[in-house]
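For reference, positions follow the sequence shown, starting with 1. Order of appearance sets the numbers: ligands from 1, and atoms from 1 within every ligand. None of these values were measured; they are calculated from a predicted model.
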Amino acid sequence: MELSINNLSKTYSNGVKALQDISLEIPNGMFGLLGPNGAGKSTLMRTIATLQEADNGSITLGNLDVLKQKNEIRKVLGYLPQQFGLYPKISAEVLLNHFAVLKGITSKSERKDIINSLLHKTNLYKVRKQNLNGFSGGMKQRFGIAQALLNSPKLLIVDEPTAGLDPLERNRFYNILSEIGENTVVILSTHIVEDVKELCTNMAIINQGNVLLKGNPLKIIENLEGNVYEKTIQKEELENYKQEYNVISEKLFLGKPIISILSEQDPCHGFTPIKASLEDVYFSQIFGKNNHLTPTL
Ligand code: ADP
């Protein structure tokens, strides 16, 4: 199954162009949609999840027209939205059962089996009788993924799932996602480069409603190899360096800025070559002066 997004555009009534002619081919497996806040990720996710309309363009999942055959899509869709604010005074087990009924799983014994298996998968079995309003952020996210998996979706959309999770919970969440079969299209939207690096076989970087770069993360990184350099500088030199070089990131080490730059030739002047990373790719796309070093693959 493949999700195919063609020339999708959306302008909100306030004039914000949230999606500008987006086209993406998303095969089975984990796809990372990476972009800063306001890039248009949630707008795209909600449109794919049949929750909002686009102005132009089309989306297909296999033979299904996502924008027109909404009910058919909802049967094969799992969605974990960015805001999942339903934490009532009932237990995880009871609420999952309720969702399972809503998703059309009518057999009681089948529901029980599915729910038990998902509670184990998301490591919530021991706390299944506890009220959801006492769950930690990580537990709530794991509950969210359990409800999204109830109908064994062919298309799973997870919008910014690790925001606010501590490293341990993030890892738990990664592990659950990475177990989801290769026969599912999983779209993970995030502004956290690590999420994509750990999990995704394909990715796209979007900003201001445009796709800046798409492809396989390893190949994209390979493309930058040999073009990233770094140097420790004085704070007051930073602006000059920004003028002179294609500075893609700056960080502090023991109070001194270390800058990374993109350069096709050895810039000399004390710069040392470093191994390219996905962060470099991301920063070069979002903050770099030119991005011809990382063409769309
Ligand atoms: P992301 O998920 O990448 O943070 P969003 O899709 O939420 O991005 O937002 C993209 C842009 O659209 C932002 O500039 C945001 O302010 C704007 N936007 C999102 N939803 C609405 C809305 N309902 N009405 C008007 N503008 C919106």
**Q.** pair Leu34-Ile206: side-chain heavy atoms closer than 4.5 Å
**A.** no

Q. Partners of Asn207 by side chain to side chain contact (heavy atoms under 4.5 Å, CB included), sequence neighbours excluded?
A.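 If we apply the side chain to side chain contact (heavy atoms under 4.5 Å, CB included) test to Asn207, skipping adjacent residues, the hits are Pro36, Ala39, Leu212, Ile286.
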
Q) Tyr79: what forms a ring pair (Phe, Tyr, Trp, His ring centres under 6.0 Å) with it, not counting sequence neighbours? A)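 Ring pair (Phe, Tyr, Trp, His ring centres under 6.0 Å) list for Tyr79, sorted by chain: empty.
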
Q: Assess the side chains of Ser9 and Asp21: does a donor N or O sit below 3.5 Å from an acceptor N or O?
A: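 Judged by distance alone, the side chains do not pair up.
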
Q. Is the closest basic N to carboxylate O distance between Glu198 and Arg170 below 4.0 Å?
A. no

Q: Could I get the full list of side-chain hydrogen bond (donor to acceptor under 3.5 Å, both in side chains) partners for Tyr229, not counting sequence neighbours?
A: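 Partners of Tyr229 under the side-chain hydrogen bond (donor to acceptor under 3.5 Å, both in side chains) test: none.
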
Q: Compile the protein residues with any heavy atom at a distance under 4.0 Å from an atom of ligand 1; present them by chain, then by number.
A: Tyr12, Asn14, Val16, Ala18, Pro36, Asn37, Gly38, Ala39, Gly40, Lys41, Ser42, Thr43, Arg46

